[in-house]
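Heads up, the thing below is written out as structure tokens.
For clarity, every value in this text was computed on a predicted model and none was experimentally measured. Letters go in sequence order (proteins before strands), and every chain restarts at 1.
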There are 2 protein chains.
Amino acid sequence: MDFADKLRASGLRPTKQRLRICKTLFDRDKTFHFLVKDLVETLNEKTEDQKISVATVYNTVHAFKKSGYLKQLNIDPNHNYFDTNISHHHHFFDESTKELIDLNNDQVEKIEIKKTLPGKTISSVEILVKVENK
Amino acid sequence: MDFADKLRASGLRPTKQRLRICKTLFDRDKTFHFLVKDLVETLNEKTEDQKISVATVYNTVHAFKKSGYLKQLNIDPNHNYFDTNISHHHHFFDESTKELIDLNNDQVEKIEIKKTLPGKTISSVEILVKVENK
DNA sequence: CTTTCTTTTTAGAATGATTATAAACTATAT
DNA sequence: ATATAGTTTATAATCATTCTAAAAAGAAAG
Ligand SMILES: [Mn+2]
Ligand SMILES: [Mn+2]
Ligand SMILES: [Zn+2]
Ligand SMILES: [Zn+2]
């Protein structure tokens with residue numbers, strides 16, 4: 001699916017600002033974990049391009065979150081990370097470097113939760129593994 | 001350990017404001033998961049008592065976090081929860097009621113992580129189980 | 001094309017949680 | 001008592017995020 005289709009599927013027209021945001025987010029080999037602040041900086045560091053406003057970046061990121069092309073993570077109470085890897089997966093958080101690393105579902109033994117809550121059903125199980133230098 | 005000792009162990013003198021904060025936090029049967037905003041409200045809802053300022057509440061909560069009498073959680077990117085249960089444990093987050101429920105370590109089968117990161121050592125593994133109405 | 005209507009972008013204002021500041025207050029020590 | 005140190009508080013500052021409303025761009029109609 002190309003960028004324009006992703007945008008349309010999120011209810012947004014493919015404008016040049018939004019396409020530049022898509023390129024930064026999705027034109028990558030690996031998962032991209034990012035903070036909105038850093039994304040805005042990256043988008044606006046090349047002085048030859050026209051600046052994209054923070055409002056546009058937030059609007060686009062939230063539309064992608066809503067449509068499922070981005071996930072919002074709970075890693076650090078003081079930083080709001082987004083993730084381009086929308087498959088069900090887990091994370092390592094390197095406390096030394098503040099780096100996030102994907103941990104795929106199949107790299108973790110099935111998690112058996114012995115406690116159940118009456119009237120409730122599990123919608124997701126996510127693991128956060130904090131690591132530091134050995 | 002009584003409240004005054006907890007405060008002293010956190011580098012704080014047992015003043016009447018701090019002791020009232022302790023009572024609200026620690027004088028309970030069950031784990032207390034809270035937001036600072038709600039804690040401030042609770043402390044100040046009885047009109048007969050003198051109001052405690054937000055600065056004092058934040059200072060005290062952070063001192064307890066630093067000394068290990070409170071844990072800060074990563075549950076919801078938009079809300080900053082603290083937890084009086086400082087043992088190693090996991091959480092259910094009820095997306096219907098926004099309620100947090102403890103999931104003890106012994107209620108989860110040992111988590112086997114097959115992926116390792118060179119030069120890194122695991123410092124913690126935490127599970128977040130999201131649930132909703134059946 | 002022009003005009004008209006709709007959507008988008010943007011700068012800057014507003015918001016809300018948290019942190020910082022500095023003056024007033026309280027407790028302790030001499 | 002006086003001096004000193006620690007504490008509380010109101011309020012200001014900060015920072016991420018959201019809101020607003022005006023300008024710009026794009027699509028549709030004539
Ligand atoms: Mn959070
Ligand atoms: Mn967060
Ligand atoms: Zn990821
Ligand atoms: Zn807990």
Side-chain angles (χ1 to χ4, degrees), chain A residues 3-4 6-25 33-44 47 49-67 70-83 98, chain B residues 3-25 33-44 46-47 49-67 70-83 98:
Chain A
F3 301 156
K6 271 201 167 106
L7 285 165
R8 280 185 286 258
S10 306
L12 299 178
R13 289 191 192 160
T15 63
K16 75 175 168 319
Q17 288 86 345
R18 289 168 178 163
L19 288 166
R20 263 176 60 207
I21 293 171
C22 284
K23 198 163 181 331
T24 304
L25 291 180
H33 299 112
F34 65 93
L35 304 174
V36 173
K37 175 175 69 67
D38 296 336
L39 175 59
V40 172
E41 268 183 34
T42 302
L43 285 163
N44 292 330
T47 39
D49 295 329
Q50 202 194 310
K51 298 270 171 293
I52 301 180
S53 72
V54 292
T56 298
V57 178
Y58 273 103
N59 288 341
T60 307
V61 165
H62 281 130
F64 281 141
K65 185 198 164 180
K66 203 167 173 190
S67 63
L70 285 177
K71 287 210 299 188
Q72 193 171 9
L73 305 179
N74 304 311
I75 301 296
D76 171 346
N78 303 309
H79 296 105
N80 197 359
Y81 287 94
F82 287 85
D83 192 342
K98 304 286 169 198
Chain B
F3 301 157
D5 289 331
K6 271 197 168 108
L7 285 165
R8 280 186 286 257
S10 306
L12 300 178
R13 288 190 193 163
T15 63
K16 76 176 170 316
Q17 289 88 344
R18 289 168 179 164
L19 287 166
R20 264 174 61 206
I21 294 171
C22 283
K23 198 161 181 330
T24 304
L25 291 180
H33 299 112
F34 65 93
L35 304 174
V36 173
K37 175 174 69 66
D38 297 336
L39 175 59
V40 172
E41 269 183 35
T42 302
L43 285 164
N44 291 331
K46 283 167 263 156
T47 39
D49 295 329
Q50 202 195 309
K51 299 270 171 293
I52 301 179
S53 73
V54 294
T56 298
V57 178
Y58 273 103
N59 288 342
T60 307
V61 164
H62 281 129
F64 281 140
K65 183 197 166 182
K66 204 166 175 192
S67 63
L70 285 176
K71 287 209 300 188
Q72 192 171 9
L73 304 179
N74 304 310
I75 301 295
D76 171 345
N78 303 308
H79 296 106
N80 197 359
Y81 288 94
F82 287 84
D83 193 341
K98 303 287 169 196

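Closest to the side chain of Ser53(A), from the set dA11(C), dT18(C), dT18(D), is dA11(C). Nearest to the side-chain atoms of Val36(B) among the listed nucleotides dT17(D), dT18(C), dT10(C) stands dT18(C). Closest to the Gln50(A) side chain, of the nucleotides dT10(C), dT7(D), dA16(D), is dT10(C). Here dT10(C) is the nucleotide among dT10(C), dT17(D), dA17(C) with the atom lying nearest to any side-chain atom of Ala55(A). For Arg13(A), counting side-chain heavy atoms from C-beta on, the closest listed nucleotide (dA16(D), dA27(D), dT8(D)) is dA27(D).
In this structure, the CZ atom of Arg20(A) is 11 Å from the P atom of dT9(C), given to the nearest Å. The distance between atom CG of Asn78(B) and atom P of dT17(D), rounded to the nearest whole Å, is 9 Å. Rounding to whole angstrom units, CD of residue Gln17(A) and P of dA24(D) are separated by 14 Å. Rounding to whole angstrom units, NE2 of residue His79(A) and P of dT18(C) are separated by 14 Å. Between the CG atom of Leu35(B) and the P atom of dT18(C) there is a distance of 8 Å, given to the nearest Å. Summarising the geometry, the separation between NE2 on His62(A) and P on dT8(C) is reported as 18 Å, rounded to the nearest angstrom. Spacing between atom CG of Asn80(B) and atom P of dA17(C) amounts to 11 Å, rounded to whole angstrom units. A straight line from NZ of Lys16(A) to P of dT10(C) spans 8 Å, rounded to a whole angstrom.
Regarding contacts with the backbone of dT17(D), a side-chain N or O of Tyr58(A) is found under 4.0 angstrom from either OP1 or OP2. Using a 4.0 Å cut-off, some side-chain N or O of Thr15(B) falls inside it from OP1 or OP2 of dT8(D).
With Phe82(A) as the fixed residue, the side chain to side chain contact (heavy atoms under 4.5 Å, CB included) test singles out one of Leu35(A), Val36(A), Leu39(A): Val36(A).
Residues Arg8(A) and Pro14(A) form a side-chain contact, since some pair of their non-hydrogen atoms from C-beta on lies under 4.5 Å apart.
With hydrogens and angles ignored, the 3.5 Å screen pairs a side-chain donor or acceptor of Arg20(B) with a backbone N or O of Leu43(B).
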Residues Val40(A), Ile52(A); criterion side-chain contact (heavy atoms from CB on, under 4.5 Å); working and verdict: CA-CA 8 Å; Val40(A) 172; Ile52(A) 301 180; over 6 Å; no

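Among the atoms of the strands shown, base atoms are found under 4.0 Å from some heavy atom of Thr56(A).
The CG atom of Asp76(B) sits 8.0 Å away from atom CD of Gln72(A), with the distance rounded to the nearest 0.5 Å.
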